[in-house]
2 protein chains.
Amino acid sequence: MAHITTGVEYGLHCLFYLVGPLEGKQSASARDLAELQGVPVEYVAKLFTKLKKAGLVLASEGVGGGFRLARPAESITVLEVVEAIEGKKPLFDCQEIRGRCAVFNGRPPTWATRGTCSIHAVMLEAEAQMRKVLASYSLADIANSLTCKAPANYSREVAKWLNG
Amino acid sequence: MAHITTGVEYGLHCLFYLVGPLEGKQSASARDLAELQGVPVEYVAKLFTKLKKAGLVLASEGVGGGFRLARPAESITVLEVVEAIEGKKPLFDCQEIRGRCAVFNGRPPTWATRGTCSIHAVMLEAEAQMRKVLASYSLADIANSLTCKAPANYSREVAKWLNG
DNA sequence: GGAAATCTACTCGGATACCGCGTGTCCGAGTTATGGTGG
DNA sequence: CCACCATAACTCGGACACGCGGTATCCGAGTAGATTTCC
């Protein structure tokens with residue numbers, strides 16, 4: 001199991017279809033987004049409730065309802081999507097082993113537990129660099145690199161599928 | 001569960017006690033290292049078999065045997081320890097969802113699957129930055145910052161505990 | 001014909017099952033030093 | 001005194017149980033638009 005989960009992957013792929021004018025439709029339902037990509041429908045619906053709680057998408061209920069981006073795609077970073085879906089789970093959680101040394105007899109001195117653990121500090125720095133990369137890309141960035149590869153009629157084909 | 005596991009934490013803490021001359025002893029057994037820090041003995045033994053396979057430590061069998069570093073601590077990076085213990089597990093594993101789009105009817109065109117997925121590319125860059133940090137620290141670096149905090153007689157106390 | 005009731009399709013939220021993997025434990029096999037025994 | 005054997009402590013490797021969390025599914029409740037019914 002990877003640290004960045006399949007749920008994030010599903011969520012990101014679905015969000016890309018919400019970038020842009022959607023060819024007449026202003027929102028797409030979770031079912032359509034899921035079936036369009038061959039991923040579990042109910043699971044995607046669950047992901048979108050998290051995205052809504054995080055304020056990244058807006059939901060419209062009832063028939064013809066669905067989701068649309070709450071903000072312009074340029075202002076939504078990949079990091080926000082990751083944290084919305086899987087929460088702020090740390091890359092490494094320190095067990096504070098340094099204070100368990102047997103010579104302390106269960107009473108670690110203050111010098112042993114002061115500040116952050118040296119190992120933990122390295123991991124925190126690694127995590128910060130990782131998140132920095134994720135925060136440097138927006139939904140619009142990735143959507144652009146996707147539509148650059150696709151032929152011009154692809155978005156029309158997708159819109160036709162969504163309406164049909 | 002974090003991406004960098006508890007096993008790595010145990011392994012690193014144990015390895016730090018193998019940095020330096022060990023005050024007369026030239027190796028320490030897995031049992032001593034584990035009990036010194038109050039962590040599961042058998043589990044640490046398992047970790048050290050992985051460290052040995054990776055060529056980071058040398059084992060001497062029989063009574064009074066144990067482990068010692070296979071190379072100078074300055075040349076062993078944190079990244080090597082992480083990969084030795086938990087293997088090269090990716091930060092993110094791409095499911096190639098881009099090729100599943102329903103409008104392809106199960107036959108994705110070549111433009112859709114050429115090169116690396118745009119999402120995957122971002123994740124790979126994030127992973128590379130993370131690993132870059134882990135590779136920039138050696139066992140000696142962290143061991144130094146630990147012994148800087150400890151008083152002078154701490155290493156003697158540890159040596160006494162290991163021998164007694 | 002218009003208003004109200006019904007129906008349908010959707011979102012929302014919780015409950016639950018499944019399963020892979022990290023964690024931890026146990027056991028047997030092989031190895032080496034130590035201590036004891038017999039020639 | 002020396003060679004041989006038994007014992008103890010260790011490493012090695014595999015097998016296995018447990019629990020957590022990600023993945024996936026199902027179901028009931030609530031809502032909004034479409035359809036039908038009734039006056």
Side-chain angles (χ1 to χ4, degrees), chain A residues 1-11 14 18 25-35 37-54 57-68 70 82 84-93 95 97 162-163, chain B residues 1-11 14 18 25-35 37-54 57-68 70 82 84-93 95 97 162-163:
Chain A
M1 201 179 335
H3 186 242
I4 297 181
T5 60
T6 313
V8 172
E9 187 173 11
Y10 291 167
C14 288
L18 299 182
K25 307 191 61 167
Q26 54 178 331
S27 64
S29 71
R31 170 169 292 115
D32 284 342
L33 289 174
E35 289 180 348
Q37 306 182 74
V39 299
V41 176
E42 318 272 355
Y43 190 45
V44 168
K46 214 166 158 186
L47 297 176
F48 268 89
T49 69
K50 292 183 180 177
L51 293 175
K52 186 192 176 187
K53 277 187 183 173
V57 298
L58 298 176
S60 54
E61 296 187 354
V63 178
F67 296 96
R68 65 182 195 276
V82 171
I85 289 180
E86 61 186 24
K88 288 205 178 192
K89 71 173 173 186
L91 185 67
F92 171 82
D93 65 327
Q95 314 275 332
I97 300 196
L162 286 175
N163 293 322
Chain B
M1 198 179 337
H3 187 243
I4 297 181
T5 60
T6 314
V8 172
E9 187 174 12
Y10 291 167
C14 288
L18 298 182
K25 305 190 65 166
Q26 55 177 330
S27 66
S29 72
R31 171 169 291 115
D32 284 343
L33 289 173
E35 290 180 348
Q37 306 183 75
V39 298
V41 176
E42 317 272 355
Y43 190 44
V44 168
K46 216 166 154 183
L47 297 176
F48 267 88
T49 70
K50 293 183 182 178
L51 293 174
K52 186 192 176 188
K53 276 186 184 173
V57 297
L58 298 176
S60 55
E61 294 186 355
V63 179
F67 294 96
R68 65 182 195 277
V82 171
I85 289 181
E86 60 187 24
K88 289 206 176 190
K89 72 172 171 186
L91 185 66
F92 171 83
D93 65 327
Q95 313 275 333
I97 299 195
L162 286 174
N163 292 322

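Values below: every heavy atom of this structure, side chains too, minus hydrogens, waters and symmetry copies. Each chain gets a letter, A, B and so on, in the order its sequence line appears, and its residues count up from 1.
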**Request:** Say whether, by atom type as modelled, one donor and one acceptor occur between the side chain of Ser60(A) and the main chain of Gly66(A) under 3.5 angstrom.
**Result:** yes
Quick one: which protein N/O atoms are closer than 3.5 Å to N/O atoms of nucleotides 15-25 of chain D? Pair and distance per line, please.
{"unit_1": "dA15(D)", "atom_1": "N6", "unit_2": "Lys46(B)", "atom_2": "NZ", "d": "3.3"}
{"unit_1": "dT23(D)", "atom_1": "OP1", "unit_2": "Thr6(A)", "atom_2": "N", "d": "2.6"}
{"unit_1": "dT23(D)", "atom_1": "OP1", "unit_2": "Thr6(A)", "atom_2": "OG1", "d": "2.7"}
{"unit_1": "dT23(D)", "atom_1": "OP2", "unit_2": "Thr5(A)", "atom_2": "OG1", "d": "3.4"}
{"unit_1": "dT23(D)", "atom_1": "OP2", "unit_2": "Gly7(A)", "atom_2": "N", "d": "3.4"}
{"unit_1": "dT23(D)", "atom_1": "OP2", "unit_2": "Tyr43(A)", "atom_2": "OH", "d": "2.9"}
{"unit_1": "dT23(D)", "atom_1": "O5'", "unit_2": "Tyr43(A)", "atom_2": "OH", "d": "3.4"}
{"unit_1": "dA24(D)", "atom_1": "OP2", "unit_2": "Tyr10(A)", "atom_2": "OH", "d": "3.4"}
{"unit_1": "dA24(D)", "atom_1": "N6", "unit_2": "Lys46(A)", "atom_2": "NZ", "d": "2.8"}

**Request:** Specify the residue among Thr49(B) and Gly62(B) whose closest nucleotide of DNA chain D lies further upstream toward the 5′ end.
**Result:** Gly62(B)
**Fill in**
Rounded to whole Å, NZ of Lys50(B) lies from C1' of dT11(D) at a distance of 17 Å
**Asked** How would you list, by chain and number, every residue that makes a side chain to side chain contact (heavy atoms under 4.5 Å, CB included) with Ala59(B), sequence neighbours excluded?
**Response** Lys52(B), Phe67(B)
**Asked** What residues, two or more places apart in sequence or in another chain, satisfy side chain to side chain contact (heavy atoms under 4.5 Å, CB included) together with Glu35(B)?
**Response** Arg31(B), Val41(B), Trp161(B)
**Message:** Tell me whether Gln95(B) contacts the main-chain N or O of Glu9(A) through its side chain, where contact means a donor paired with an acceptor under 3.5 Å.
**Reply:** no
**Prompt:** So does Arg31(B) get a side-chain nitrogen or oxygen closer than 4.0 Å to the phosphate oxygens (OP1/OP2) of dC10(D)?
**Reply:** yes
**Asked** Reckon Ala30(A) touches a base, only the sugar-phosphate, or nothing at all at heavy-atom distances under 4.0 Å?
**Response** sugar-phosphate
**Prompt:** Do Leu18(B) and Leu33(B) touch side chain to side chain, with heavy atoms closer than 4.5 Å?
**Reply:** yes
**Shortest non-hydrogen separation from Val44(A) to Cys14(A) and the atoms involved** = CG1-SG, 4.0 Å
For residues 84-92 of chain B, tabulate all N or O donor-acceptor pairs below 3.5 Å that involve a side-chain atom, not counting sequence neighbours.
{"unit_1": "Glu86(B)", "atom_1": "OE1", "unit_2": "Thr5(B)", "atom_2": "N", "d": "3.3"}
{"unit_1": "Glu86(B)", "atom_1": "OE1", "unit_2": "Thr5(B)", "atom_2": "OG1", "d": "3.1"}
{"unit_1": "Lys89(B)", "atom_1": "NZ", "unit_2": "His3(B)", "atom_2": "O", "d": "3.1"}

**Item:** Glu61(B) or Val63(A), whichever maps to the more 5' nucleotide of DNA chain C
**Value:** Val63(A)
**Item:** Interatomic distance where CG belongs to Leu47(B) and P belongs to dG13(D) [whole Å]
**Value:** 14 Å
**Asked** Can you tell me how far C1' of dA9(D) sits from CD of Glu35(B), to the nearest Å?
**Response** 13 Å
**Prompt:** Should Ile4(B) and Asp93(A) count as side-chain neighbours, where that means a heavy-atom distance under 4.5 Å?
**Reply:** no
**Item:** Segment of DNA chain C, first to last nucleotide, that comes within the 4.0 Å heavy-atom reach of chain B
**Value:** dG22(C) to dT32(C)
